[in-house]
*Asks:* 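Structure in structure tokens, see below.
By convention here, the first residue in the shown sequence is residue 1.
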Amino acid sequence: MERIIGLDLGSKTCGVSVSDSSRFIARALKTIRFESDDYDDCFDQILELLDQEKIKEVVLGLPKHMNGDIGERGQLSIDFANELEKEGITCHLWDERLTTVSAERLLISGDVSRKKRKKIIDQMAAVEILQSYLDRQRNGG
């Protein structure tokens, strides 16, 4: 199997995670930084990364309201996914509710300093998104 990348798209950063080739484990890869709401720059950086890593499949976090509705942030992710698909990238939207909260709890329990957490929280959220997708696929989801 080929590796797959997970993305946690924010307004200034995009956390990136990557699976192993067996698609069993997700790990943090990097945080892409861009000017506030400059999704074109973010998109270009992601395409470059996908090309470098020779990856053609992405799991993109889909932010939803707690009641399941799609808001403005969710629509941005849907549009971003559509643009990736136009580039020949298979993109799976994945409900990301509470992934940042979960990642934050994990980092706190690991006694990671606030300063360090701020630098890696987006990557950890991307790991949570990708790992939950991988687990669901493996368990017949």
*Asks:* Partners of Ile70 by side-chain contact (heavy atoms from CB on, under 4.5 Å), sequence neighbours excluded?
*Replies:* Leu62, Lys64, Ile78

*Asks:* Rounded to the nearest 0.5 Å, how far does CZ of Arg33 lie from SG of Cys42?
*Replies:* 11.5 Å

*Asks:* Could you tell me which non-hydrogen atom of Asp20 sits nearest to which non-hydrogen atom of Ser22, and how far apart they are?
*Replies:* OD2-OG, 2.8 Å

*Asks:* Scan for ring pair (Phe, Tyr, Trp, His ring centres under 6.0 Å) pairs involving residues 67-87, sequence neighbours excluded, and state none if there are none.
*Replies:* Phe43-Phe80

*Asks:* Measure the spacing between CG of Asp79 and CG of Leu9 and express it to the nearest 0.5 Å.
*Replies:* 10.5 Å

*Asks:* From Leu60 CG over to Asp8 CG, what is the distance, rounded to the nearest 0.5 angstrom?
*Replies:* 8.5 Å

*Asks:* What's the shortest heavy-atom distance between Asn67 and Asp69, and which atoms?
*Replies:* OD1-N, 2.9 Å

*Asks:* Let me confirm one number: the OG-CD distance from Ser19 to Gln137, rounded to the nearest 0.5 Å.
*Replies:* 11.5 Å

*Asks:* Quick one: side-chain contact (heavy atoms from CB on, under 4.5 Å) partners of Val127, sequence neighbours excluded?
*Replies:* Ser17, Ala26, Ala28

*Asks:* For a quick test of reading the model, state the closest non-hydrogen atom pair linking Ile4 to Val58 and the distance between them.
*Replies:* CG1-N, 4.1 Å

*Asks:* Among residues at least two apart in sequence or on other chains, which ones pass side chain to side chain donor-acceptor pair (under 3.5 Å) with Glu57?
*Replies:* Arg23, His92

*Asks:* Please list, chain by chain and in numerical order, all residues satisfying side chain to side chain donor-acceptor pair (under 3.5 Å) with Asp51, sequence neighbours excluded.
*Replies:* none

*Asks:* Output every pair passing salt bridge (Lys or Arg N to Asp or Glu O under 4.0 Å) with a member in residues 82-94, not counting sequence neighbours, ordered by first then second residue.
*Replies:* Glu83-Lys86

*Asks:* Among all residues two or more places apart in sequence or in another chain, which pass the side chain to side chain donor-acceptor pair (under 3.5 Å) test with Thr13?
*Replies:* Asp122

*Asks:* Working to the nearest 0.5 angstrom, can you tell me the gap between Ile89 CD1 and Ile46 CD1?
*Replies:* 10.5 Å

*Asks:* Working to the nearest 0.5 angstrom, can you tell me the gap between Leu49 CG and Cys14 SG?
*Replies:* 9.5 Å

*Asks:* My understanding is that only residues two or more places apart in sequence, or in another chain, count here; which of them pass side-chain contact (heavy atoms from CB on, under 4.5 Å) with Asp44?
*Replies:* none

*Asks:* Leu7 and Ile25: same hydrophobic cluster, using ILVMFWY side-chain contacts below 4.5 Å?
*Replies:* no

*Asks:* Are Phe24 and Leu134 co-members of a hydrophobic cluster defined by side-chain heavy atoms under 4.5 Å apart?
*Replies:* no

*Asks:* Please name all residues satisfying side chain to side chain donor-acceptor pair (under 3.5 Å) with Glu53, sequence neighbours left out, ordered by chain then number.
*Replies:* Arg3

*Asks:* Looking only at non-hydrogen atoms, find the nearest pair between Ser77 and Gly61 and report the distance.
*Replies:* OG-O, 3.3 Å

*Asks:* According to ring-ring contact (aromatic ring centres under 6.0 Å, His included), who are the partners of Tyr39, at least two apart in sequence or on a separate chain?
*Replies:* Phe34

*Asks:* Using the test side-chain contact (heavy atoms from CB on, under 4.5 Å), find all partners of Glu72 that sit at least two apart in sequence or belong to another chain.
*Replies:* none

*Asks:* What do the steps show when you test Ile5 against Leu50 for side chain to side chain contact (heavy atoms under 4.5 Å, CB included), and what is the final call?
*Replies:* CA-CA 8 Å; Ile5 278 185; Leu50 290 168; 3.7 Å; yes

